[in-house]
Each structure stands twice: as structure tokens, then as C-alpha cells.
Amino acid sequence: MKWANFIYLFLLCCIPVMGFAQIVPEDKSVPELRTVQNLQVADAPNDAGDAVNLFWDFPKDIDKSQITEIRIYRSTDVSGPFRQIDAFPLVTDSYTDEPDEETGHIVSTEETYYYKVALYNGSEEMISQVSEAVSPEISFFNWGRLNVFIILGIYFALILYFIRSSRKGKEIYIRTLPGLEALEESVGRATEMGKPVLYMPGIDEANNIQTLYSMVILRYVTQLVAEYETPLIVTVGKAFVVPLAEETVRQGYMDAGRPDLYNQDIVRYYSDEQFAAAAGVSGVILREKPATNIYLGSFYAESLILAETGFLTGSIQIAGTGNIHQLPFFVVACDYTLIGEEFYAASAYLSKDPKLLGPLKAADWMKILAIGFIGVGAILETFGIDLFTRLLQI
Amino acid sequence: MPNGMNAPETTLEKIERMDRRIVFLAIAITIILPLIWPLGLPIEVSPQVDDFHEAIESIPDGSVVLFPNDYDPASKAELYPMTVAILHHFFKEDRNLKIIGLGLFPAGPPLLQKAFEEVAVEQYGAEYGKDFVNLGYKEGREIVMASMGESIPKTFPTDFFGTPIDSLPIMLGIKNYTDIAILVNVSAGYPGTKEWVQQVVSVFDVLMVSGTTGVSAPEYYPYYNSGQLAGMLEGLKGAAEYETLIEKQGIATSGMDAQSLGHLVIILFIIVGNVLFILNRRNKTKGGRF
Amino acid sequence: MARRSIPTAIAFFFGAMMVVNYFVPWGWFSDRANQVQEWGLIVVAFAYILGALNVMRVHGHKIQRKDEDWRFSIVTIITMVVMLGFGLMPEQWAIGGMERGSPFLWMFDNMYVPMMATMYSLLAFFIASAAFRAFKVRSLEATLLAVTAVIVMIGAVPLGGILLPGSMELRTWIMETLQNVGKRGIMIGVALGAISTSLKIILGIERPYGRD
Amino acid sequence: MWETLGIWIQVFLTLAIFSFLYRDNPFYKFAEHLFVGVATGYWVVLQVRNVLIPNLFQPLFRGFSDPWLLIPLFLGLVLFMRLSDKYSYMSRWGMAAVVGIFAGLAIFGFGGGDLIIQIRSNIMPFIDTEAVQAFTQNAGLITFLNILSNPIFIIGVICVLFYFFFSKEHTGALGVVSKTGIYLLMISFGASYGNTVMARISLFIDRAQFGIVNWIPTVIIGVLMIIAFVVLAITGKVDPKKQF
């Protein structure tokens, strides 16, 4: 439990730091009439040092519909000369001075800039007072994302800690997940019936982490079918997943000591079109009649087409996805469904590998943290304290 | 493993486990008939549709609207009527809004172009390049959204027809999201509303409303609740309600009769299924699996 | 050994670069990171050729072995080759390119598009048959699922508002509150799972690109 | 001419796919195989023309403006090494690069976007004063339910999160809480399911409208297909009672 104490301490230290990061400098106002007032300039935060933000107010009595243009002037000397750098017909109260490759306009960290803003009504322009001096600065860290950094930092630390401790031999308990129990059984059932197992890793591109994760699960499934010598069909709906799946399946057979069972017809590509894949896979389900259909990955509307077709042939259907919008259909039409995070627990569950069980434990701790934030935050909010909401501002 | 494999089935059980093709046939008939002979049932407007309408009303005249239409023919049924209704709203009063259309689905921009031509040009006489523009499709999903934050002209150097966009008057002075008054997204999934919220609203603080398919709508309700989306239209119903708000009855409204009846039939099937289920369970001495 | 660690090193290098880019706004670095993202898309584009080869191979084998329905595999191969041929022909040729009026676009519009829309619309039927089968009061879970679905369905159409006054408001409340409770819980869990999976991949603990 | 032919093909393919609802049959098999072929070809062409040519070959071979592009060229080409037995390990380099980039990007899509924003938007007061006010002004079922919204959100999300606990047996207090969690999930799924019905019916409405507009080919091809099915059933080639 020592570690937990350390985390609490760390968290306590983080809170004030995150609080400070939210502090905004106070306004200093200089009254001015008939044109924009309170012209404020500031280095744009968290950028590459090539932008300056300008903010201003309009006098209350001004008729905004008269303004046809706002013009921005800039100089490197407080006394001028001021050169017009931009003009636009929008009535806004802010502007960002940025470099523009086409016009050759630059904003440099080497210079100090002064600004003026003018309102133009079609015939005359009213120029504001000169702003304060500003010089852009490069920031090497986006302080607005400090909270993301800290929360992910905690998570990463927990993951690495639990991986280490479970490698050292500390047992990590994992509760029974019926869907994954059924997965092993259903492969056995397919063997008895002499029918293949169908595996579909979703239809999403590899940029969806679920697709990548599905490859990890596929390797265990391949090992499983290799032991039973059950035929395997992997249907793929994105081109880049083809080499990934082929590699994974070959690897799985090799790990199981049966590289001879691998053949080039296992992984089948049904084009990137979602519904062409749905049509093709439905065809496989009806004609090759797999005893088990495993849908693990990122699915979209085709989920119900597949699951209903699979129901027709009486296959055992096991689904799992993190795509919230498709979970209802899998839950209704499949025998077992891994809901959201349960899907991400599959590789740890199937392999019982300490390296993979550790992160699960870490995710549980993060959920405690989330529950703490929600619970304590709600109590504080009830009394009008919005500290937590501000800490989590992105 | 269906239970009662050994016991002989009673008539009621047979009806409960009836051929699903009967359901299919019933659905087909109840939807097709009202399309041929409409009934004209009334329509009520939901709050999120009102908010959507309000958000577009709230922007000043002459502002620039970013109008990404992220869908392709697969979702045309629900979303195209929406695009049409929104365009009616943009152009119906002479508000001089400047509409910048684009699409992050490869097959999206041609549909958008069709809508622009059918509504903006033919009905309101709007002019391409002056009142509206179609920037077309750009590969890269979220990357496109993020790089538009840097510069829209650099992300889309040419429009749908390959014309350089600096030759179009509408694009003058438009750099990035700071020049956009509202982001009106019509989205069928990925990349779409969720990504615009993640990449644009939370980073550049842009006012955004979204019209989505009925299926993705529930996923976006959290964004509507947390204020990241100012309003939402969902599915054909959202489009029909919107048509009511802007007083322009169109294809969405006519489809709603079929919708109503379709829903009714499915609900009836569920009720009948449950009655049979309860009767069958009572008739059996042992309840089987459940 | 060295050969084994190359893929892990590559994945780590590019993955870490994306992570650093999120926190470091330094222009030079984010330019590089964006460039790398574009490279990713380019590499992915090469995989489409592998995909076409896979289709050729799988259906070619079917024809070779004279499997059941092997004749239909010929359809797949022929249409794919025709599509590739028209599409990759230079635009200057009368039948090349993918512009308006090209055979490529004609096939897309008259085959791809209607089949996609029709396949999608099959869901109108499946959603009804699945509901008829599964929405039974057999357990508390199933009952809650069925009852909520029915209420929302009634409130979803204008007719429901007439048959059951207040059902539209009730539906909105369910969609905004009850529905989101589950969603939010899942979203938080999914985010945790996805983040740890990403980390495991970057660190090479899980290697979806295979190992030796 | 081409346009009319196009319409007839569209109608035929639409009906061929719909015939799947009746049972698996040669029309569906034909349409399905055609679809996979057309779609595969389409996507290859799209990627070559929209990505490879403008983003790689043009800058690389017309002026050599960006020598760094040799890296993705290399990583893309090694993917094909998998066709050889000896050097197939090299294809992993290309895969690893893409996987690394996507995995790195995913951390923040979820970390910033979903994780923190969802937690944050669930931090709310137990008592929503606005809802209470609305209730006192206009007492009714919905205004009353709106008062309950916040407590349901706070307690409900906590219950759902407890349901996802993996490292503890779900017994005792945790069992009760996680059971509540799964009930809430089921309600949520039911709501989404019911809400989707409309979208799905819309899709069929669109196809039905297409059929109604082009009713002449629809009726002709439809009747011919039905005749074909009857003939197949009479000759015993297909069993209309079975669905596959």
C-alpha cells in the first residue's frame, strides 16, 4: 500500500500546480472613446513563438453596424511608423497576429511589437491608442495540457508499477468474464462439429486502437484453434489490416508449434467498403457455416447484419467492441458480448500474462480515481465550489 | 442451444419461433404503402432541434459558416434531407451568410454539391464562390481538421472543381477557425462530429451544432449536454422537425408517416412476442433455460 | 536479436514522437510530427495493393479448386480488374480517369452506391427481427432493455406523441439522462483501456505488427 | 442510353440484395461478389490517385522537392517483402511505423478528448437549483425527473465504473453496486436500440422511394426475379422453407 500513499501525495501536490496553471492575468484598463478600448496584447500561449493575441472592447455607445472593416497596425517602435498588417470585415473583439507565407508577413521572437487597431466605417478610420510592447516567446511545453500530462503520467506510472510487481510474482486476481470463458469452449465446440471458426477484427482502419488490439487477441485465438486443429477464417475490411492479420495468424500458428496449419486463404479481404464486407462476410457465414463467430474490434452499422445472419445458422456468437453505438445490437443479437473495457481485458484474460494483467489493475486504480473525482467533485459542486471542474479544464 | 428440442412444439410455441421472414414482409408493406399514399400525421419539435435553429439564428448577418458534410451515399437517406433543410435556413432570409462546404468522406462533396445546386442556386439564386463554396474532399480525417486550425487556404488550396481558392471572393480574409462564426456539421460517423468536437471545439473554442444519423446521435448527447455542441438534429425526424421550424416541408416530412407506422409495427411485434413468451412459459411445467 | 528489435524500435520512435507533439507546441517539432503522420497515410496507401492481391489470391484459389460457387469468384476478379483498369488509365484517354462521365465513376454510381445503400437498408428488417426475438421479459436485464427500447421508440415518432402524450419529452429525458449514464461509464472505461493499449504498443509489450 | 442502362442495373442490384431477406440465392451471390470486386478496385484506385500520386510520386519524382519522402516510400515498399519467404520480416518495419503513429495519436484522442472531458462533465452538484425552480413553477413528471437527473448521473456513472472492476470479485457491496451498473447499462442499450430504429427505417424509406420513382424497371425486374424463384423452387433447386 506504500505505493498508493505515494500516489495520493503526488496528487495532492498536483492540485495546486494545476490550479496555478488556470490563473489568468488581470485586466488593466485604459479608457478611450469612439474606437476600440482596452487594447490588450499578449504572447499567444503554448505555441511555437510565432503568434501574438490582441483583445479589445468596443465602446458601449458605438453602432457596430456602421463598422465596415477592422484594421490592424503594427510597428517595432512605440513611436511608429505603424504599418497596416491586416484588415477584415468581421466585427470581432480579438485578433491573432500570425505569420503568413503568402504575403511574407512574419512574427519573430527577436522583435518587440506595438499594435494599434482601427475601426473603419467606409470613409474614415478611428485609430486606437498604442498597445503595450509584446514579444512572442517560444513555449516548449503546452501548460494548458498540464492536467492531461499529470493524469496520464499517473496512469502510466501505475501501469509500469503493476507490471513490475506482477512480474515479481505478485498474483493479480481477475474476475470471470463469461464471454471469454465461452470463447475457449466455443472453439472446442467448433472442433466437435468439424466446422470453422470465424474471426472478424472489426472493419476499422489500423488507426483505431481497437483494430490493433483485436490483432493481439487474434493471436491467442489462433493458438487456441491451432491446438484443436480447427479451421480459421479471418475476414478483414481494411487493406492495411490484411498484412497485420496475416502476420498475426502466422505468428499464432508458430507459437502453437503448428506452422503447417497456416495457409494463405485464412485471411480474406473484402474491400474497404463497410457494406461490401458485410455482404461478403454474410456470404461466408451462410455458406461455410462457421460454428463460432467472433466479432472483436471496431464495428459500425454492419454489426447487426452479421449478428442476425449468424443467428440464422445457429452459430455461437461472441462479440466485443468499444464502439458504444454498436453495443446494443451485439448485446441483443449475440450470445456473449464484451462491453467496452471488458474488450480491452481480453488479452490479459486469455494469456494470464503478468505483463498484461498489470495494466488491468492500473486501470482499476484509475477508475477509483475517476470515481473519487466524480464523487468528491459532486459534493464540492453542491456547495458551489467548482475546483475540480476547473482542474479538468482542457 | 434452443430449448425444447426434444419436447414436441405446441402451436403457440411455433408462432413464437415463427419464420422471421413474416416480420420482414410486415415491415416492408407498412413502410412502402404510406410512401405511395401519404397520411399526413402532425410533427412536434424537440428542444435540441430548437437549440440548433436558435444557434444559426444567433450568428450575425454576413458571418462565415463552416459546413462540413461528412457522409456518403450510405447515409444519404437520413442526412441529405438535413443538408437540404439547413441550406434552406441559410439562404431563406437574405442574411448574406457565407457558406464554406467541405466533406471528409470521399463520396461526400458530390452530394453536397448537388444540394447546393438544388437549393442555393436554383431556389435562392445564390452564387458559387461568392455566397457559398465547396472545398471538396481531403484525405487525412482528424489531421485535416487540425491543419485547418493552422490555415484553411493551405489545407484546401483548391476547391471541389480544382479552382484555386484564392481566386474565389468568398475566401478572402479567411484564415482559420477564428474567422468562422459557427461550425455546422452533418455527420454519419467517423470522421465526423466526435472528431470535430475533439479536434476543433475543445482546441479552438468554436461554436458548433451537428446533425447526425439517429444511430450516432446517442453518442453525441454527452457533447450536447456538456455544451460542446450547441444543438443537434437527429436522423430523418430531426430533419422533419427542422423543416417544420423553417416552414419548408420536404422529403423528410413525407417520410415521417412511414416512420410512424414502421415503429408501430415493430412495437406490436414486440408486444405479441412477449404475450406468446409469457403464455408459453406458463403452459410449460418447467421454464426451460430462463 | 537486433533484427527482432527493429520493428519495436520503429514503433516506439514514431509513437513517442506523436506523444511528445501533443505537449510540445514547438513549431519545428510539430512540423516534423505532422510530416510523419502524412507518411503514415502514404504507407497505408501501399497496403491497398496488398489488399487487391489478397482478393486475387483467395478467389483465384477458389476457381482453381473449383470450390462451391467458384463461378461467382470470377465475377469478383473480373469486376475488380475492370475497375482498376478504368480507374488507373490516364485521364487524357477517353475511358480513363475518375472524372464525371468516366466509366469508373459510372460503375461506382450504378453498382457500388446502390448496393451499399441497399445492404445498409437491410438493417430496417434486422432491427425488427432481432427486437422481436430478444426483447422478452425473461430476466430483469432483458426486461429493462426491452421496456426502455419500446418507450424510446414510441417517443421517437410524431405518432407516439399522439398515442401517448408526453412520450416525446420522456424519450428526450431518457436519451439525455439514463442513456448517457451508461454511455459515460463505458466511455471512461474504454478510454482507460485504449490508453493503456496504446502505451503497451508503443513500449512493445503488445506487438500487433508481429514478432520473430 | 448509358443513363437508362445505369438505372436498370441499379434496380437489379437493389432487388438482388433485397432477395437476401428471402434466402441466400444466386442473385444475391452475384451481387455480393460484384460488390466486393467493384469496391476493392474502387479503393485501390482512390488511394493511388488521391494519396500515392499527389503526396508521394509527384513531389518525389517531379523535382525531388522533399527527399524525406524516401522514408515512407521505403516503408511502403518493404510491406511487399512479405511476398518473399526470406525477407518477409522486413514488412514488419512498415507495419510497425504505422502502428506506432496511430497508437501514439490514440493516446490523446482518448486521454484528452474522452477520459478527462467525460469525467469533467460528470462533476455536477447533487441538487440542480434550476431544475428545482422549474419544478416549483411547473410541477410535472418531466420537471420532477429533471431534478433526479444529477443524482442519477453521479451515482449511476459511479455504479457503471464499478461494474468494470476486474481485479475484485463482484460480491457483497461491490456486487450490488456492479449489478446496478449492469442494469443501467441495459437501460442505456435499450434506449440506443430504440433510438436507432428510426434511422434504419429511414434507410429503407430511401430505397423504397428509389423503387417508387423508377417503378417500371422495379416491377419488371421484380416480377422476373419472382418467376425465377418459383422455377427454382418447383425444380427443387432451392428449398424456399430454408433460409440458407
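Since this is a predicted model, take the numbers as computed values, not measurements. Numbered from 1 within each chain, the chains take letters A, B, ... in sequence-line order.
Counting heavy atoms from C-beta on, the side chains of C/Gln35 and D/Asp66 come closer than 4.5 Å. Contact annotation: the side chain of D/Leu52 approaches that of C/Ile42 to within less than 4.5 Å [non-hydrogen atoms, C-beta and beyond]. C/Tyr48 places none of its side-chain heavy atoms less than 4.5 Å from the side chain of D/Val45. Side-chain contact between D/Arg92 and C/Arg207: absent, with no pair of heavy atoms (C-beta onward) separated by less than 4.5 Å. Side-chain contact between C/Tyr209 and D/Val98: absent, with no pair of heavy atoms (C-beta onward) separated by less than 4.5 Å. In this structure, the side chains of C/Leu123 and D/Thr196 stay at 4.5 Å or more apart for every pair of heavy atoms. Looking only at side-chain heavy atoms (C-beta outward), D/Tyr89 and C/Pro7 stay at 4.5 Å or farther from each other. Side-chain contact between D/Ser149 and C/Glu176 is absent, with no heavy-atom pair separated by less than 4.5 Å.
Between D/Arg49 and C/Glu91 there is a salt bridge, since a side-chain N of the basic residue sits under 4.0 Å from a carboxylate O of the acidic one.
For a residue to count as touching a neighbouring chain, one of its non-hydrogen atoms must lie under 4.5 Å from one of that chain's; by this rule C/Met116 touches chain D with backbone and side chain alike. Contacts between C/Ile154 and chain D at a heavy-atom distance below 4.5 Å are absent for every atom of the residue. Heavy-atom distances place both the backbone and the side chain of D/Leu105 under 4.5 Å from chain C. Contact of D/Ser202 with chain C is not made at all, since no heavy-atom distance falls under 4.5 Å. Of the two parts of D/Trp8, neither the backbone nor the side chain holds a non-hydrogen atom closer than 4.5 Å to a non-hydrogen atom of chain C. Contacts between D/Tyr28 and chain C at a heavy-atom distance below 4.5 Å involve the side chain alone, from C-beta outward. If you measure heavy-atom distances from C/Glu38 to chain D, you find no contacts under 4.5 Å at all. For C/Asn21, no part lies under 4.5 angstrom from a heavy atom of chain D. When heavy atoms are compared at a cutoff of 4.5 Å, D/Val38 approaches chain C by way of both its backbone and its side chain. In this structure, chain C has heavy atoms under 4.5 Å from both the backbone and the side chain of D/Phe153. Heavy atoms of D/Val160 lying under 4.5 Å from chain C belong exclusively to its side chain. Heavy atoms closer than 4.5 Å to chain C are found nowhere in D/Leu15, neither backbone nor side chain. Interface remark: C/Val55 contributes side-chain atoms only to the contact with chain D (heavy atom separation under 4.5 Å). With a 4.5 Å cut-off on non-hydrogen atoms, C/Phe135 touches chain D through its side chain but not through its backbone. Only the side chain of D/Ile71 comes within less than 4.5 Å of a heavy atom in chain C; its backbone stays farther off. Contact of C/Ala130 with chain D is made through backbone and side chain together, with heavy-atom distances under 4.5 Å. Using a 4.5 Å cut-off between heavy atoms, C/Phe104 contacts chain D through its side chain alone, with no backbone atom that close. Interface remark: C/Met89 contributes backbone atoms only to the contact with chain D (heavy atom separation under 4.5 Å). Interface residue C/Leu170: backbone and side-chain heavy atoms are both found under 4.5 Å from chain D. At a 4.5 Å heavy-atom cutoff, C/Arg71 makes no contact with chain D through either its backbone or its side chain. With a 4.5 angstrom heavy-atom cutoff, D/Phe12 does not touch chain C via any of its atoms. C/Ala47 touches chain D through backbone and side chain together, each having a heavy atom under 4.5 Å away. Only the side chain of D/Ile182 comes within contact range of chain C, with at least one heavy atom under 4.5 Å from a heavy atom of that chain. For C/Ala146, no part lies near chain D; criterion is any non-hydrogen pair under 4.5 Å.
Between C/Asn110 and D/Leu13, the closest heavy-atom pair is O-CD1, 3.9 Å. When every heavy atom of C/Leu41 is checked against every heavy atom of D/Val51, the shortest pair comes out as O-CG1, 3.9 Å. Between D/Phe164 and C/Gly185 the shortest heavy-atom distance is CE1-O, 4.2 Å. Residue D/Gln10 comes nearest to C/Pro114 through the heavy atom pair CG-CG, 3.7 Å, listed as atom of the first residue, atom of the second, then distance. Minimum heavy-atom separation, C/Leu145 to D/Met186: CD1-O, 3.2 Å. Considering all non-hydrogen atoms of both residues, D/Val157 and C/Ile188 come closest at CG1-CD1, 4.3 Å.
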Are D/Tyr193 and C/Val152 close enough, and set up right, to give a side chain to side chain contact (heavy atoms under 4.5 Å, CB included), and what steps lead you there?
-> CA-CA 9 Å; D/Tyr193 194 104; C/Val152 171; over 6 Å; no
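Separation of atoms OG1 (D/Thr40) and CD1 (C/Ile77) is listed at 10.5 Å; rounding is to 0.5 Å. With values rounded to the nearest 0.5 angstrom, C/Met115 atom CE is found 4.5 Å from D/Leu34 atom CG. Rounded to the nearest 0.5 Å, atoms OG1 (C/Thr118) and CZ (D/Phe35) are 8.5 Å apart. Distance check: D/Leu203 CG to C/Ile127 CD1 gives 9.5 Å after rounding to the nearest 0.5 Å. C/Phe125 contributes atom CZ, which lies 3.5 Å from atom CZ of D/Phe204 (distance to the nearest 0.5 angstrom). Of the inter-residue distances, the one linking C/Ile174 atom CD1 with D/Ser188 atom OG reads 11.0 Å to the nearest 0.5 angstrom.
Between chain D and the residues C/Ile186, C/Ile78, C/Leu192, the largest count of heavy-atom pairs under 4.5 Å involves C/Ile186. Heavy-atom pairs under 4.5 Å with chain C were tallied for D/Asn146, D/Leu46, D/Val48; the largest tally goes to D/Asn146. Between chain C and the residues D/Asn122, D/Val36, D/Leu184, the most heavy-atom pairs under 4.5 angstrom are made by D/Asn122. When each of D/Gly104, D/Pro72, D/Gly100 is checked for heavy-atom pairs under 4.5 Å with chain C, D/Pro72 comes out on top. Note on C/Val113, C/Asp69, C/Asp109: by heavy-atom pairs under 4.5 Å with chain D, the leading option is C/Asp69. Looking only at heavy-atom pairs under 4.5 Å with chain C, the residue among D/Phe189, D/Phe210, D/Phe18, D/Trp93 that has the most is D/Trp93. Note: C/Trp39 leads C/Phe86, C/Trp39, C/Phe14 in heavy-atom pairs under 4.5 Å with chain D. When each of D/Leu145, D/Leu161, D/Leu148 is scored by its heavy-atom pairs under 4.5 Å with chain C, the top score falls to D/Leu145. Heavy-atom pairs under 4.5 Å with chain C were tallied for D/Met198, D/Lys179, D/Gln47; the largest tally goes to D/Gln47.
Residue D/Trp68 qualifies as open at atom CH2: its count of foreign heavy atoms under 6.0 Å is 12 or below.
In this structure, C/Phe108 and D/Tyr42 have parallel ring planes: the angle between them is below the 30° cut-off, well short of the 60° mark. Ring-plane geometry between D/Phe20 and C/Phe126 is classed as perpendicular, the angle between the planes exceeding 60 degrees on a 0 to 90 degree scale with a lower cut at 30. Relative ring orientation between C/Trp106 and D/Trp2 is described as perpendicular, the plane-to-plane angle rising above 60° on a 0-90° scale split at 30° and 60°.
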